[in-house]
Every structure is written in structure tokens, then in C-alpha cells.
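On a predicted model such as this, the values are computed, not experimentally measured, just so you know.
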Amino acid sequence: MSRPEHFSQAGAERYAALWARAGDALGFVPMSPDETERMLLRHTITLADALLAEPFRPDPGRIVGRALVDAHFTAPEFLDETLVTFGRSFLAHVLPSCVSSAGLVERAITLQAAIATGYARALRDRTFAQQERISQAVWAARNQIEQALRASEARFRALFAGAAIGIGIGDMEGNIVEVNQAFAEMLRYTVDELREINVAELFYPDDAPGMWELYGELLEGKRDSARLEKRYYRKDRSIVWTDLAVSLIRDEEGRPRFTVAMLEDITDRYELQERLRFQALHDPLTGLPNRTLFFERLATVFDGGSARVGVCFIDLDGFKAVNDSLGHHVGDELLVVVARRLAASVSERGHLVARMGGDEFVILIEDSDGVDLAIAVAEAALAAIATPVRIDAHPPLSVTASVGIVEQSARETTPTDVMKAADTTLYWAKAEGRGRWALYDPARSERQMIRSALVNALPAALERGEFTVEYQPIVSFDGGTLRAVEALVRWRHPELGTLPPDRFIGLAEETGLIVRLGRWVLEQACAQGAAWHRAYPEARLVVSVNLAVRQANAPGIVEEVARILTDTGLPADLLQLELTESAVMPTAGEPVHSLRGLAATGVRIAIDDFGTGYSNLAYLRRLPIHALKLAGPFIEGLRSGGIADSASLADERIVDALVRLAHALGLTVTAEAVETTEQAELLRALGCDTGQGLLFGAPVPADAITPLLRPFS
């Protein structure tokens, strides 16, 4: 069968020879060198095919591991040499063009573990078979002891002494009666030394309590056998992991007499599993626990009944700029330094520091004693990060971070909610500036959730017709005649009730929906204004509509307004468009061009909230503006009830100057937020043309404006 182009036949043969020599160096091999190489070459090709197969499966690795045991390559060190040789040389010899492929390296690690698993399972099965034969031999010897004691004893001794696994016999007090050589070598004692030892001296004290209970039930005769993985001390006090099978030997009357223990050394397999688990739960760059281990620990905190829990969610400020300007290798080095500093900042407190990914880290505070502790941890982390970092020959890097802090009762929240709150709070800290922390505030979070819900509901609300337009009267100070109305949009929210513009206009501007919403309001207001004009033509009622900055900047705004006027039949001079100062300030570009185009259609242009923006009076004479609407704060500051102070006198002088200036430029002036008769009288005396506010009427539906127009009929 042809092999993929990545496969090297010569390399496979060299690797098989290298593998065979590794086995020869360990002593007896149950095949000739040529037979060994041919067999290992077949296994080499099998492993290469498995690595390149799509989809990838590790099963061939387990098959090869089992085949090695089946071929009697069972020397204790042979698996070690096989795994080491595979890890160091397989890709370089057999698949040389793929040696740098990260994906293939990951497959090779998985396949390496599969070889170990297959080998260990085959050896275990082989051992179990031996154990079964030994057990049968022991029982046969017991049953036939009177007829063939010597033959039975010889057979047992042969099996006992020659078994590849450790076998030990102890009495019911735990004294070791007999062990074989494999048992002694496993624990690095001599056979004679073990005969003088109680088995309890070999036990590892930190074994799970269930293991001791299991062993106690065996000694009491409550069970005849037990199987478990257990640690033992060697003579040098190092630890060996074993697969232990213990059987109870009873006398003729059924009383417990001896225990027979059979041990297989699984230390290498256990350490391999631990290495793989460590890799799965730790970040390869920084060595910190990864998000998987963090969430395991966080879940443990909630399951363990901790009263309070704290989380500090950390994100480096401007880390992308480091990667973009200095390279990812510098960024990686910076992350390593930050990780080391974060771990050191909380090492004495015992808190968990984990890397969540990218430049995000998190500190878990178990059994928190309050917000002050969480803040102290966050400040310590910020201080540790803030020290400039020198990497290679680059100038020292100044590093800052933002931290979102959550500290809550564990009984009142969940791991998911804690992390969601931490992420939200980190966003607050980022928005407020660099190098600072923010503490989670449920009320603020709820406000943001409502705001987000409104943003998401806006498009559908417009489609469902949840918006309506109300109209506020604009009255002449000279005679109190109704001269105009301002169209104000309202949102009849199905859950929150009627919302004023300040609750959603800003959101509509952020999302761009303001263009559609503004067009709809303009269409509604013009249609209503045209209806009033047809019914009461003598009133010459002007309809004033707010035009957002995005609308003024939108291409085709002039044509759109002209179309709406044509469609509704409203005379152009009865439509007034209100824009803020920020919308008309540019002296070149689309906004000014649009204003001149709009003015050319005959509509009136008014500056809304005049005095709260740039207040650059120069543009008043250059742009086609017809009216100014004085901002509410000026009007609110005017004296009332005959009481005057320096601030109110200053406001009065400002209003007087603005009215005079506007009139000098041929503009009319409307005062907003007029609430008292004293304010109205003063504004009339200052020459202000019209006013609007609660004194003249709040915004009302269109049918409430109609009665005010009947005197004109």
C-alpha cells in the first residue's frame, strides 16, 4: 500500500532499528534481532498511519501497546524506553516534514499516552491471568495438601518466586510472612527485611479514608477480596503507586488466617496521567491554572458551603498595542511577567490566580470576609503589575490594568452570575480610565440591563407602533396667541409605561435607529400639521420638529424633507426644524450644505438649547437660521417673585443680550422651560418673542391642541 508523501520508509526502518536497540539494551528479548526489527517496523508504520489518519483516533496506539506485551516485551523498563524513544525520535525519523506541526505534535502526545494505556492494560490483563493462576494454585495446594504436599509446595513456590508482579503473604496482625523477589524489588527492600516488617509501616498515611475501611473489613473477614489503587512507601521513603489486589485466606473452619496481596507497579502510568491532567488544567505559556481549573475551583467554593466569595477580574490596558508595536514574543514575555507578579501578590493569602485567556487574569477569593479584602487584593494586584517591565533590549514597559471586583454571599448567587457580574464590572473600570478597579453595584447593573433591553427592543417597538407624538404649545408673549407646537416623541413601552425622549433618544442615536425614528416623527408631525392647516388656515400654526445630528448628516435629507412636505401637503414655511448647536457648528461639509438645502425649500431652521453648546455667535450670521430657542437653564435662573441675586441678574443680562443680538440678525427668539408668570413677564419685557413650558401647557396628544385653534376659525 502506498504511503502519504509525508511518510519516510527509510526513516521508519531507522526508527524501528533504534527502537529494537533500546529493547536489546534492557537484557533478554524473546526474538532474534531481525525478527524484533521486522515486528517493530510494522508497529512503526501502524503508528505513522494513525497519526496521519483523518479523522484521528488513538486506538492504534493501544493496539501497538498490547501487541508489545503479547510479544513478551514485558521488562519493566521497556515501556519507559518505548515512550521516550517515541517522544524524541518518531516524528523526526518517520514523518520529518511534519515535525513542526503543532497539530501533529498534539496527536503524537495522545498516541504516546494510548501506547502506554494499551501496554498497561495488556500487562494488567496478563497479570490478572497470572494472579488467577496463582490463586487457583494456592487453593489447589490447600485442598490437596494432604495428598501432594511437596508437589503442591514446589509448584506454588515456582509460581510465587517467578511471578512478574509482587506477591506478599501476611497474617491477620499485618505481619509479613512471605514475599517474592518482585515484591521486594518494587519496595527496594530485601526479602529478609520485609519479613521483619509490619505492613502498616509501608502504608501511605494520606490515602483516602475509604481505603482503610476496605482493608479493615478484609481483616475482619467481612469480605474475601478487595481491589484498589494504593500508594506505598519504599525503603528510601519515596512513593510507589500500585494496582493492589488483596485476597483473604481462611482456615478449614472458615476463620481468616492470611492475606495474599498482589501488586503491580503503576507509578509511570499514574505520573503520565498526572502530567496530562496538569497540561489540561494549566496555561502552557504562564504555567498558571487555566479557565477550566478556575471554574472547577469556583464550583467547589459554592458546593463547599463558603459563606462569601470574591472575584477580581483583571485585564491589561493597551496590551494589543504591545503586540502590534513590539511583536507577539514581547507580548508573551510580558504576560509571563504579569502572571508571576500576580501569583506573588496573593501567595501569602492563598488565593487562586488563573489566566482566562489573552491578557485576562482572574483571582478567586475563597471564604471572603468582606468587600475590604477583595479591594485589598485588587489594589495589591494593580500595584504588582504597575512596576515597569524590561524585556530584552526594549525600553521599560509601563503596564496598567483594570480590575472588576465582585464580592457577594455565595448563597445568593451562582458561579455563572458571579463571572457575568465580574465581566460587567471590568467593563465599568475600563470605561472610567486605566489602572483602576471598579466594584460591582447591583443597582447600576440593573440600570444597564434595562438600558440594554431598551436598545434591543427599539427596532421592534418602531415596527409595532409603540411610539406616539405629543405636541407642546409655543405661545406669543405679546397677546398669548398660539403660534407653534413642538412635536415630541413618546414610547409607550408595554412593561415600563410611557417613556419620555430622554430615556431612549440617546440610545436611538447610538444604534443609528434615530434616522428611522426621526423620519417617522417628521412624517407624523407634518401630516398632523397639514391637517390643522386645512382645518384652521388662518392660524398659520408652525410645527417644530427636532432633527438629530445623524439625520442632518444623512445623505438625501433635503430630498427626504421635500418629499414628506409634498406627500403631506404641509406648506414649507409651517415646518420648523430644530437642531442643536453641535449639529450646525461645522463650517464646511454635509451639515452646513444640508442646512442651506433645507432652508432653500422654505422650511424654518431653529437652534435648540442655544447657550448650552459652543455658543459661537459667528455662525449665526453665516447660516440660514430663522430662530433661536434659549436653553432652559437661562430661564430657570431668572428672578421670580421680585427676588434678585447676582446669578439671576447675570442670567437676565445674558438673555437680554441674546435677544437683542438675535433680533439684530433678523431671528426670532423662543424661551424654553417657562414655568412662572414672573418669568413670562420678564421675558416679555426683554423682548422675547415666544415661549414654551409648563406655564403654557405640557406636551399633549394632537386632539388636545385642536380646541386651541378654534378661535382662528
Side-chain angles (χ1 to χ4, degrees), residues 74-76 120 123-142 145 152-208 210-251 255-270:
T74 56
L123 191 60
R124 180 193 61 188
D125 294 343
R126 180 189 180 98
T127 300
F128 288 168
Q130 291 177 338
Q131 291 173 353
E132 183 63 24
R133 289 195 297 271
I134 292 171
S135 297
Q136 291 175 358
V138 170
W139 282 102
R142 176 178 176 273
I145 192 169
S152 174
E153 181 70 15
R155 191 160 48 251
F156 171 76
R157 284 294 174 186
L159 290 170
F160 184 81
I165 64 172
I167 303 175
I169 302 174
D171 62 21
M172 302 313 295
E173 286 72 39
N175 299 311
I176 298 176
V177 176
E178 188 62 272
V179 296
N180 66 353
Q181 188 61 35
F183 191 106
E185 291 175 354
M186 189 182 303
L187 298 182
R188 299 177 183 171
Y189 286 90
T190 67
V191 171
D192 291 338
E193 286 174 334
L194 286 172
R195 289 175 181 151
E196 302 297 324
I197 291 177
N198 190 288
V199 70
E201 298 178 31
L202 305 174
F203 285 176
Y204 189 77
D206 293 335
D207 280 335
M211 294 185 181
W212 293 93
E213 295 173 2
L214 195 65
Y215 188 68
E217 291 177 0
L218 193 74
L219 294 179
E220 295 170 5
K222 295 180 179 179
R223 59 170 60 237
D224 289 329
S225 63
R227 178 86 181 264
L228 63 157
E229 291 184 356
K230 179 169 173 43
R231 289 170 287 185
Y232 284 95
Y233 278 125
R234 295 188 178 103
K235 184 177 181 180
D236 59 5
R237 307 309 288 174
S238 63
I239 297 170
V240 57
W241 275 92
T242 68
D243 186 346
L244 170 66
V246 184
S247 299
L248 183 66
I249 306 298
R250 300 177 183 269
D251 60 18
R255 292 189 298 266
R257 183 71 184 276
F258 298 103
T259 59
V260 177
M262 291 175 280
L263 293 80
E264 177 190 356
D265 186 344
I266 60 169
T267 304
D268 291 340
R269 186 183 78 193
Y270 179 82

Notebook entry, point to check: Can you tell which of D243, V240, L244 makes a side chain to side chain contact (heavy atoms under 4.5 Å, CB included) with L263?
Noted result: L244
Rounded to the nearest 0.5 Å, how far apart are [atom1] of [X] and [atom2] of [Y]?
X: L194; Y: I176; atom1: CG; atom2: CD1; value: 5.0 Å
X: T242; Y: M262; atom1: OG1; atom2: CE; value: 12.5 Å
X: L187; Y: E193; atom1: CG; atom2: CD; value: 11.0 Å
X: Y189; Y: R234; atom1: OH; atom2: CZ; value: 11.5 Å
X: R250; Y: F258; atom1: CZ; atom2: CZ; value: 14.0 Å

Check: Is D236 paired with R188 through a side-chain N to carboxylate O contact shorter than 4.0 Å?
Finding: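 Between D236 and R188 there is a salt bridge, with a charged N closer than 4.0 Å to a carboxylate O.
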Checklist line | R195/E178 salt bridge by N-O under 4.0 Å criterion | finding: yes
Margin query: Test side-chain contact (heavy atoms from CB on, under 4.5 Å) on Y233 and I239; report intermediate values, then the result.
Written below: CA-CA 5 Å; Y233 278 125; I239 297 170; 4.2 Å; yes
Notebook entry, point to check: Between G166 and N180, which heavy-atom pair has the shortest distance, and what is it?
Noted result: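 Heavy atoms only, the tightest pair is CA-OD1, 3.6 Å.
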Note to self: Could you walk me through whether I167 and V260 satisfy the side-chain contact (heavy atoms from CB on, under 4.5 Å) test, starting with their C-alpha distance in whole Å, then the side-chain angles of each, then the deciding distance to 0.1 Å, before giving a yes or no?
What the structure shows: CA-CA 7 Å; I167 303 175; V260 177; 4.1 Å; yes
Next item on the list: Please list, chain by chain and in numerical order, all residues satisfying side-chain contact (heavy atoms from CB on, under 4.5 Å) with R255, sequence neighbours excluded.
Entry: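 side-chain contact (heavy atoms from CB on, under 4.5 Å) check on R255 returns D251, E253.
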Next item on the list: Return yes if a side-chain donor-acceptor contact under 3.5 Å exists between T190 and D192, otherwise no.
Entry: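 Checked: T190/D192 side chains show no N/O donor-acceptor pair below 3.5 Å.
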Checklist line | V191 side chain reached by Q181 side chain, heavy atoms, under 4.5 Å | finding: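 Heavy-atom side-chain distance check passes, below 4.5 Å.
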